[in-house]
Peer 1: 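Provided herewith is a single structure, encoded as structure tokens, for subsequent inquiry.
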Amino acid sequence: QIQGSFNNVTGENITINAQLAINIGSLFGAQAYIVAPGPSSVTLKHISVTGNDGVGGLAQQVASLTSATVEDYKVTAVYTAGGLTSYAYAGDKENITARDGVVTSTTTSIVTRYTGGVFGSMGYSNTKLNNVLVENVQVTGNNMVGGLAGECYSRNLDNIQIIGCTVTNPTPMPTNPPAQEQYLSVGALAGINTPRDNHTVQNVTVRDTKVSGPRNVGGLIGMNYNPSSSVLFQNIYVAEDVVVNCTGENAGGILGRGYL
């Protein structure tokens, strides 16, 4: 575990190939859970990171971030993968740019795993995410897949742009779909959004983006999943050039399926 701050850190032209390993990142590797209560800023360019599970462009996990940029990146995992981190739980995150990236999860098994252009799975009950641009990023995975995150738990999401992205779950619709209703969800912002009390998603723009999958496919969120908690959506713009393609069941311009 790394505790403290990291400021003005830059990584360029980095290749990590650890196909059988778990918890992999370009700068912080196995079991690196970065706890940074102070200002934390990082820039990554021209990186390629490959691993089995828990694979991120920067690290396996990260807490607070005050500034992060990742450009021209490729992150590949069998299971959970994120362009910046595979998991991002406690701590607020802001001022994040992800541009010209490819994030891929290769498993064909329907298991609880997440693939996202920035985070595989992110957030906690009291965390915030502000000022994010995801541009020209291709995300492909076989369970919960999102342009920003495969799974989102953050309480407040504000000022987020998803532009020119392709978010895909190529899994065929099973003859007998999994009992877990959130499985296979795909969204331009998040595959699955699990709101907490007073959860807000606001000032979000999705443009020139293609979203496709077998179930719960949304131009914003694949599935809003938590029947016991409400969420406020406001100032949401999903443009006319956003394409939503569902090969099985449940699709919508904003939500594929959800509890509001």
Peer 1: How close do V62 and T85 get, heavy atom to heavy atom, and via which atoms?
Peer 2: CG1-CG2, 3.3 Å
Peer 1: How close do N169 and T171 get, heavy atom to heavy atom, and via which atoms?
Peer 2: OD1-OG1, 2.7 Å
Peer 1: Is the shortest heavy-atom distance from the side chain of V238 to the side chain of I236 under 4.5 Å?
Peer 2: yes
Peer 1: Evaluate the side-chain proximity of N156 to L129: yes if any heavy-atom separation is below 4.5 Å, no if none is.
Peer 2: no
Peer 1: Between Q60 and N23, does any side-chain donor sit less than 3.5 Å from a side-chain acceptor?
Peer 2: yes
Peer 1: Might you point out which heavy atoms bring M144 and Q182 nearest each other, and give the distance in Å?
Peer 2: CG-O, 3.6 Å
Peer 1: Should the heavy atoms of other residues, nucleotides or ligands under 6.0 Å from CD of Q19 be counted, would the total exceed 12?
Peer 2: no
Peer 1: Check whether the side chains of S212 and N245 place a donor and an acceptor atom closer than 3.5 Å, and report yes or no.
Peer 2: no
Peer 1: Do the side chain of T166 and the main chain of K210 share a donor and acceptor less than 3.5 angstrom apart?
Peer 2: no
Peer 1: Look only at the side chain of N216 and the backbone of G256, and say whether a donor-acceptor pair between them is shorter than 3.5 Å.
Peer 2: no
Peer 1: Are any of the side-chain heavy atoms of L184 and P174 separated by less than 4.5 Å?
Peer 2: yes
Peer 1: What are the two closest heavy atoms between T115 and Y79, and how far apart are they?
Peer 2: OG1-O, 4.3 Å
Peer 1: To check you understand the geometry: which heavy-atom pair defines the closest contact between A188 and V167, and what is its length?
Peer 2: CA-CG2, 4.3 Å
Peer 1: Evaluate the side-chain proximity of E94 to T66: yes if any heavy-atom separation is below 4.5 Å, no if none is.
Peer 2: yes
Peer 1: Is there a salt bridge (charged side-chain N to carboxylate O under 4.0 Å, His left out) between R99 and D72? Walk through the geometry before answering.
Peer 2: CA-CA 7 Å; R99 182 181 286 117; D72 186 19; over 6 Å; no
Peer 1: Side chains of N203 and N159 only: does a donor on one sit below 3.5 Å from an acceptor on the other?
Peer 2: no
Peer 1: Might you point out which heavy atoms bring F119 and I96 nearest each other, and give the distance in Å?
Peer 2: CZ-CD1, 3.8 Å
Peer 1: Using the rule side chain to side chain contact (heavy atoms under 4.5 Å, CB included), only one of V204, T200, T127, L148 pairs with L157; which is it?
Peer 2: L148
Peer 1: Test of understanding: with ring-ring contact (aromatic ring centres under 6.0 Å, His included), list the residues that count as partners of Y183, not counting sequence neighbours.
Peer 2: none
Peer 1: Can a side-chain donor-acceptor contact be found between E71 and Y73 if the only test is distance below 3.5 angstrom?
Peer 2: no
Peer 1: Are the side chain of D241 and the backbone of R207 linked by a donor-acceptor contact shorter than 3.5 Å?
Peer 2: no
Peer 1: Does C165 offer a backbone N or O that forms a donor-acceptor pair with the side chain of T209 under 3.5 Å?
Peer 2: yes
Peer 1: Identify which one of T43, L44, V42, L27 satisfies the side chain to side chain contact (heavy atoms under 4.5 Å, CB included) criterion when paired with T10.
Peer 2: T43
Peer 1: For a 4.5 angstrom cut-off between non-hydrogen side-chain atoms, does R113 reach D53?
Peer 2: yes
